[in-house]
There are 2 protein chains.
Amino acid sequence: VPRIVDHEQRRAEIVHALWQVIAARGIEGVSLRVVAQAAGISTGRIQHYFRSREALVLAGLDLLIRRAVAAYENTAGATPRDRLLHVLVQQVPRTEPGRIGVTVWYAYLATALTDAGVRDILSEALRVGEAECAGHIQAMRDVDDGEAHAMARRLLALSDGLTLRVLVGGLDADRAVATLQAEVDAVAGTDAP
Amino acid sequence: VPRIVDHEQRRAEIVHALWQVIAARGIEGVSLRVVAQAAGISTGRIQHYFRSREALVLAGLDLLIRRAVAAYENTAGATPRDRLLHVLVQQVPRTEPGRIGVTVWYAYLATALTDAGVRDILSEALRVGEAECAGHIQAMRDVDDGEAHAMARRLLALSDGLTLRVLVGGLDADRAVATLQAEVDAVAGTDAP
């Protein structure tokens, strides 16, 4: 079915151009015209794939989450400790593409504060991430659901806050990663007396 | 000097209207016209106080930080533990005005990712906050500067991440506060064996 593949690939190319625009100008800088320019196609062509600015913006968030889920699913053969660490560390920007990805993610987080559509999608992604992490914690330690979720939430919140400090506070990415590794080892109990 | 007082008060009123606009529409929704409307004055009148949209947006961040600093300075007579907890907990939204304040703060954080002027102001505020918290930790525990800063950064990052989850992830504000209290007590050593 080559036409469907082409359609999906062209949509993905447009979303990549959207991410570049968001990383450079924020979501406020997004218009179909600006994204078409960044993608090197006409505004009419972009409307063939996305009906409106709103539809394009939501598709950008959807693909961002699907990429993160795919990268996580690639760790399926790893230990619970390493899978937990993957979730916590994957957003810390250590490369330029990584920085663009997490800049776009935080732009969506800020938009979620005032946009219920974006908030619902993000809130669900956070819920799924917390449940996955809680599962890995329970595979390492004998704790009940409530405690595992509280530990997962604490680790994920710490990862969010450290990532923000790498992005705007001048924190070194390697130090953020080292902090998260130490926290995971503490939760795993490998540094317990 | 009543005219200077009036001038400062009118500027503050305009900034309050700006915050309302940011909380409702994000920074992307800000224009001098929209803020003038929210403040119930003419666009010409607003230009008497703020030359440009950019100047108004930066003044909004400046007043947000000065208010937070003033609230912190009001805790000058409290214990190091309580002053540290104040810094960590003050941003967790427990009231509607609190929610507006922190929504505006996160809107500025997202803008900082793509706006160097906003990033410089925020980065400095984060640096000062970390130094204050590190000082309180050293008043409670015998740790060196580097370790105190690392502990402060970890607590502040956790507060940022939990706050974000209260705003968009459905986390209960009281649970976020209870988590932060437990962390401060652990750092203070009051729950040590």
By residue number, those in residues 143-154 of chain B with heavy atoms under 4.5 Å from heavy atoms of chain A are B:R153, B:R154

Starting at CZ of A:R81, measure out to CD1 of A:I137 and round the result to the nearest 0.5 Å. 13.0 Å

Apply salt bridge (Lys or Arg N to Asp or Glu O under 4.0 Å) to B:R10 and B:D6, showing your working. CA-CA 6 Å; B:R10 182 48 64 101; B:D6 285 356; over 6 Å; no

For residues A:V128 and A:L156: do they belong to one hydrophobic cluster (side chain heavy atoms under 4.5 Å, members Ile, Leu, Val, Met, Phe, Trp, Tyr)? no

Does anything in residues 86-110 of chain A pair up under salt bridge (charged side-chain N to carboxylate O under 4.0 Å, His left out), and if so which pairs, sequence neighbours excluded? none

Between CZ on residue A:R67 and CD on residue A:Q90, distance to nearest 0.5 Å: 13.5 Å

Sorted by number, residues from residues 15-48 of chain B in contact with chain A (heavy atoms, under 4.5 Å): B:I22, B:A23, B:A24, B:R25, B:G26, B:I27, B:E28

Closest approach of B:D115 to B:E54 (non-hydrogen atoms, all atoms of both residues): OD2-OE2, 4.0 Å

Against chain A, label B:E130 side chain, backbone, both or neither, depending on which of its atoms sit under 4.5 Å from a heavy atom there. side chain

Between the main-chain N or O of A:L56 and the side-chain N or O of A:Y49, is there a donor-acceptor pair closer than 3.5 Å? no

At what distance, to the nearest 0.5 angstrom, does CZ of B:R83 lie from CG of B:L85? 12.5 Å

Tell me, for A:E183 versus chain B, whether the close heavy atoms (under 4.5 Å) come from the side chain, the backbone, both or neither. side chain

Do A:Y108 and A:I65 share a hydrophobic cluster (ILVMFWY, side-chain heavy atoms under 4.5 Å, transitive)? yes

Expected contact set for residues 159-181 of chain B against chain A at heavy-atom separation under 4.5 Å reads B:D160, B:G161, B:L162, B:L164, B:R165, B:L167, B:V168, B:G169, B:L171, B:R175

Please test A:T75 against A:D82 for side-chain contact (heavy atoms from CB on, under 4.5 Å), starting from the C-alpha separation and ending with a verdict. CA-CA 8 Å; A:T75 67; A:D82 286 350; over 6 Å; no

Interatomic distance, CE@B:M140 vs CD@B:Q138, rounded to 0.5 Å, equals 10.5 Å

Are B:V87 and B:I121 connected in a single hydrophobic cluster, I mean Ile/Leu/Val/Met/Phe/Trp/Tyr linked by side-chain heavy atoms less than 4.5 Å apart? no

Looking at B:L155, B:D120, B:L126, which has the largest count of heavy-atom pairs under 4.5 Å with chain A? B:L126

Top of B:V118, B:T111, B:L122, B:L109 for chain A proximity - count of heavy-atom pairs under 4.5 angstrom: B:L109

Among the clusters formed by ILVMFWY side chains lying less than 4.5 Å apart, do B:L158 and A:Y106 turn up in the same one? no

Can you measure from CG (B:L61) to CZ (B:R66) and round to the nearest 0.5 angstrom? 11.0 Å

Cluster question for you: counting only ILVMFWY and a side-chain heavy-atom cut-off of under 4.5 Å, with indirect links fine, are A:W105 and A:V89 together? no

